[in-house]
Number of protein chains: 2
Amino acid sequence: MKYIIKDLKIKGITLTPQRMAIIEFLKNNLNHPTAEDVYKALEEKYPSMSIATVYSTLELLKANGYIQELSIRKRGKACFDFTSKNHHHFLCLKCDSIIDIESECINTCPIVKAGQLEGCKVGEIQAYLYGVCSGCNKKTIKKSNKK
Amino acid sequence: MKYIIKDLKIKGITLTPQRMAIIEFLKNNLNHPTAEDVYKALEEKYPSMSIATVYSTLELLKANGYIQELSIRKRGKACFDFTSKNHHHFLCLKCDSIIDIESECINTCPIVKAGQLEGCKVGEIQAYLYGVCSGCNKKTIKKSNKK
DNA sequence: TTTAGAATTAAAATGATTTCAAATTAAGAA
DNA sequence: TTCTTAATTTGAAATCATTTTAATTCTAAA
């Protein structure tokens with residue numbers, strides 16, 4: 001948080017209250033919010049804020065590498081994530097939730113380690129795992145027990 | 001190709017000329033076309049075909065597991081891929097092209113092999129590799145030699 | 001051949017995101 | 001502090017991929 005503020009100042013990027021509020025919100029909401037999520041959350045405190053500001057700030061933060069836009073979309077919407085370090089994402093096909101996967105095991109793949117494949121220079125890898133999350137798993141088990 | 005036709009018939013799905021043409025096109029264009037790509041390609045041969053038909057057929061083929069919709073989007077558009085077998089995708093950040101990664105190495109990750117992680121049941125993994133493709137790499141080298 | 005259900009069509013609707021021009025704000029200079 | 005200019009925000013309109021709709025046209029089975 002602090003380092004972003006400092007960093008942005010060094011880069012000569014203006015720190016408006018709106019931008020501060022958006023950064024603050026993202027810091028405290030690591031559950032991959034959409035632009036709309038951010039907008040709705042800040043609506044009360046900043047009634048005059050425009051959704052266009054949310055989009056432009058998210059774009060700014062993305063361009064400067066503070067946040068990542070996931071390739072995965074929540075019901076057609078882009079969602080965002082603080083890029084603490086390289087991590088992957090798990091998607092629950094039942095409840096639509098996105099869970100961070102901190103496991104390093106994907107990063108140990110030969111391709112990733114070598115940083116290249118068939119002449120392609122590989123910089124980054126984003127893995128999306130699809131399945132059923134533990135919460136939904138438990139629900140399913142309970143249901144089947146009831147029968 | 002043949003097996004899809006047979007399969008669809010068995011499933012009681014009507015094989016209209018439009019659907020046949022779309023399947024045929026996808027078979028011959030493995031470069032991850034968008035709905036618009038499909039539509040434009042068939043426009044000449046089927047001038048009356050609607051883009052809505054393209055979308056509904058892609059949806060049908062996806063629902064039946066013949067094609068895969070990538071999470072990655074080409075300039076904001078969904079793109080599709082025959083799912084021969086589980087494979088991953090490389091995205092060139094310079095030329096926007098998407099290249100199939102047949103390498104099995106990602107699938108050998110402990111998470112994927114175990115099929116679970118932290119209580120989540122993992123069914124499938126889609127990896128997106130980002131970087132610079134061999135074509136663009138060569139161009140860059142040539143340029144830097146010219147200097 | 002008839003007919004009911006399914007698929008196609010063109011147009012309108014939707015909804016996330018982007019663009020725009022006008023109004024406001026930030027920040028450096030005086 | 002006040003002035004000034006450039007950057008930012010705003011709200012509304014525009015964009016654009018995709019979906020929906022209702023009417024028309026096909027398909028396939030009887």
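Residue numbers start from 1 in every chain, and the chains themselves are labelled A, B, ... in the order their sequence lines are given, proteins ahead of strands.
- Residue B/K121 qualifies as open at atom NZ: its count of foreign heavy atoms under 6.0 Å is 12 or below.
- The distance between atom NZ of A/K9 and atom C1' of C/dA26, rounded to the nearest whole Å, is 13 Å.
- Nearer to the 5' terminus of DNA chain D, by closest-nucleotide assignment, is the contact made by A/T53 (compared with the other of B/E36 and A/T53).
- The phosphate of C/dT8 has OP1 or OP2 within less than 4.0 Å of a side-chain N or O from B/R19.
- For the pair B/L15 CG and D/dA28 P, the interatomic distance rounds to 8 Å; values are reported in whole Å.
- A donor-acceptor contact closer than 3.5 angstrom is absent between the side chains of B/D100 and B/H88.
- Here D/dT24 presents its C1' atom at 18 Å from CE of B/M49, a figure rounded to the nearest Å.
- The CG-P distance, from A/L60 to D/dA7, rounds to 14 Å in whole Å.
- Regarding B/E43, its CD atom lies at a distance of 16 Å from the C1' atom of C/dT8, rounded to whole Å.
- The separation between A/K40 atom NZ and C/dA16 atom P is 9 Å, rounded to whole Å.
- Nearest heavy atom pair, residue A/K27 against residue A/F82, reads N-CE1, 3.2 Å.
- Taking side-chain N and O atoms only, A/T14 has no distance below 4.0 Å to OP1 or OP2 of D/dA7.
- Checking D/dT10, D/dT9, C/dT8 against the side-chain heavy atoms of A/S50 singles out D/dT10 as nearest.
- Within the 4.0 Å cut-off from OP1 or OP2 of C/dT18, not a single side-chain nitrogen or oxygen of A/Y55 is found.
- Within a 6.0 Å sphere centred on NZ of A/K45, heavy atoms belonging to other residues, nucleotides or ligands number 12 at most.
- A/H32 and A/D37 are not linked by any side-chain donor-acceptor pair at a separation below 3.5 angstrom, with hydrogens and angles left out of the test.
- Within 4.0 Å (heavy atoms only), B/S48 reaches sugar-phosphate atoms of the nucleic acid but no base atom.
- Checking the phosphate oxygens (OP1, OP2) of C/dA7, no side-chain nitrogen or oxygen of B/T16 falls inside 4.0 Å.
- Atom P of nucleotide C/dT8 and atom CD of B/E59 are separated by 14 Å, given to the nearest angstrom.
- Nearest to the side chain of B/P17, among C/dA16, D/dT9, D/dT27, sits D/dT27.
- Counting only heavy atoms from C-beta on, B/A35 has its side chain closest to D/dT18 among D/dT18, D/dT27, D/dT9.
- Between A/Q18 and the phosphate of C/dT25, there is no side-chain N or O to OP1/OP2 separation shorter than 4.0 Å.
- Taking atom CE of residue B/M20 and atom P of nucleotide C/dT8, one finds them 12 Å apart after rounding to whole Å.
- In this structure, A/P47 reaches neither bases nor backbone, as no heavy-atom distance under 4.0 Å exists between it and the strands shown.
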